[in-house]
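Protein chains get the first letters and strands the later ones, always in sequence-line order, with residue 1 at the start of each.
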Amino acid sequence: AQTVTQSQPEMSVQEAETVTLSCTYDTSENNYYLFWYKQPPSRQMILVIRQEAYKQQNATENRFSVNFQKAAKSFSLKISDSQLGDTAMYFCALGSYNTDKLIFGTGTRLQVFP
Amino acid sequence: GAVVSQHPSRVICKSGTSVKIECRSLDFQATTMFWYRQFPKQSLMLMATSNEGSKATYEQGVEKDKFLINHASLTLSTLTVTSAHPEDSSFYICSASSISGASSYEQYFGPGTRLTVT
């Protein structure tokens, strides 16, 4: 079975600082995708960053970067220069090549303080 | 970018009635659409996967006779909650997948529908 674990229910960070959200996963598949989604109060799911498991290089999107450790099945999200607009729920998700399904973690609520 | 819409955004219905939620991919063809349910302060739980022109595949524990899914075209999927009860009140989210290229798999999410059953 595929599982995604986010062990931090809530995190807070001061504006302009850096914060790292943790995610671990388990899968028996060799090919898969990993995602971080942001869900602000509007509840619209927004893709933050995506990592293909076969790529060794960590994905980066502006202030967002990941630390992908395939052997450890770890996929953490680093947010640099945090902004008030980053306040949201963040979900880590595992995508299967075989089934097209996404398995979501339980989420981390991030609060950015001024 | 790829846009997915849902209608209605909010709906209130009486217990025992049925309600239909539409999910549309506006600028791409979606061979697969997904329906999720999200309870307050919880994660998204996949209810079912639908492919255009075929029957939906339901996740374990989801009643297929209660949650009817139709995927009649490459841009439209509908979820009908039949004989709704207060415990069906929830936030329902759809997504659509578009595969463009060998490494571009992604799901695009609709804005969600808040269902309240009174």
Side-chain angles (χ1 to χ4, degrees), chain A residues 1-10 21 23 25 29-57 59 61 68 87-111, chain B residues 1-6 8-10 23 26 30-52 54 56-62 71 77 90-115:
Chain A
Q2 296 181 315
T3 60
V4 177
T5 302
Q6 292 179 251
S7 58
Q8 305 155 315
E10 294 185 356
L21 307 184
C23 173
Y25 63 93
E29 298 182 6
N30 287 324
N31 295 319
Y32 51 90
Y33 290 97
L34 292 160
F35 303 86
W36 279 97
Y37 283 92
K38 169 184 177 181
Q39 189 179 41
S42 68
R43 303 192 78 170
Q44 170 73 59
M45 295 290 284
I46 301 167
L47 177 66
V48 175
I49 201 165
R50 172 180 61 213
Q51 174 83 41
E52 287 129 310
Y54 67 86
K55 290 187 177 179
Q56 292 185 337
Q57 187 172 8
E61 287 288 340
F68 175 45
T87 293
M89 279 290 287
Y90 286 82
F91 292 99
C92 178
L94 171 65
S96 168
Y97 267 76
N98 295 332
T99 66
D100 292 346
K101 295 180 183 179
L102 285 179
I103 304 299
F104 285 89
T106 50
T108 297
R109 183 173 300 279
L110 177 66
Q111 179 74 51
Chain B
V3 180
V4 175
S5 69
Q6 274 185 248
S9 57
R10 291 175 178 264
C23 176
L26 299 185
T31 52
T32 305
M33 288 186 169
F34 304 85
W35 287 95
Y36 297 86
R37 183 172 181 176
Q38 186 179 31
F39 289 106
K41 298 186 179 181
Q42 294 191 22
S43 188
L44 281 70
M45 299 297 295
L46 180 65
M47 299 174 65
T49 303
S50 73
N51 293 291
E52 184 263 340
S54 61
T57 302
Y58 291 82
E59 295 299 299
Q60 192 171 7
V62 177
H71 192 162
S77 177
S90 190
F91 193 67
Y92 293 87
I93 305 174
C94 75
S95 71
S97 66
S98 171
I99 299 176
S100 57
S103 60
S104 301
Y105 171 79
E106 187 174 331
Q107 286 187 24
Y108 301 95
F109 286 83
T113 296
R114 180 177 299 284
L115 169 64

Asker: Tell me if a side-chain donor or acceptor on Q39(A) pairs with a main-chain N or O of S43(B) at a distance below 3.5 Å.
Answerer: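 Checking the backbone N and O of S43(B) against the side chain of Q39(A), no donor-acceptor pair under 3.5 Å is found.
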Asker: Before giving the answer on side chain to side chain contact (heavy atoms under 4.5 Å, CB included), spell out for Q38(B) and F104(A) the whole-Å C-alpha distance, their side-chain angles and the decisive distance to 0.1 Å.
Answerer: CA-CA 11 Å; Q38(B) 186 179 31; F104(A) 285 89; over 6 Å; no
Asker: What distance do K101(A) atom NZ and Q107(B) atom CD have between them, rounded to the nearest 0.5 Å?
Answerer: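 Between K101(A) NZ and Q107(B) CD, I get 11.0 Å after rounding to 0.5 Å.
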Asker: Identify which part of F91(A) has an atom lying under 4.5 Å from any heavy atom of chain B, answering side chain, backbone, both or neither.
Answerer: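 F91(A) touches chain B through side-chain heavy atoms alone.
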Asker: With only heavy atoms counted, which part of Q6(B) is less than 4.5 Å from chain A, the side chain, the backbone, both or neither?
Answerer: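 Neither part.
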Asker: Please answer whether the main-chain N or O of F109(B) pairs with a side-chain N or O of Q44(A) as donor and acceptor at a distance below 3.5 Å.
Answerer: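 Indeed, once roles are kept as given, a pair shorter than 3.5 Å links the two residues.
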Asker: Tell me, side chain or backbone of L44(B) under 4.5 Å from chain A's heavy atoms, or both, or neither?
Answerer: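 For L44(B), backbone and side chain are both near chain A.
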Asker: Does the side chain of Y36(B) come within less than 4.5 Å of L102(A)'s, by heavy atoms?
Answerer: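 Heavy-atom side-chain distance check passes, below 4.5 Å.
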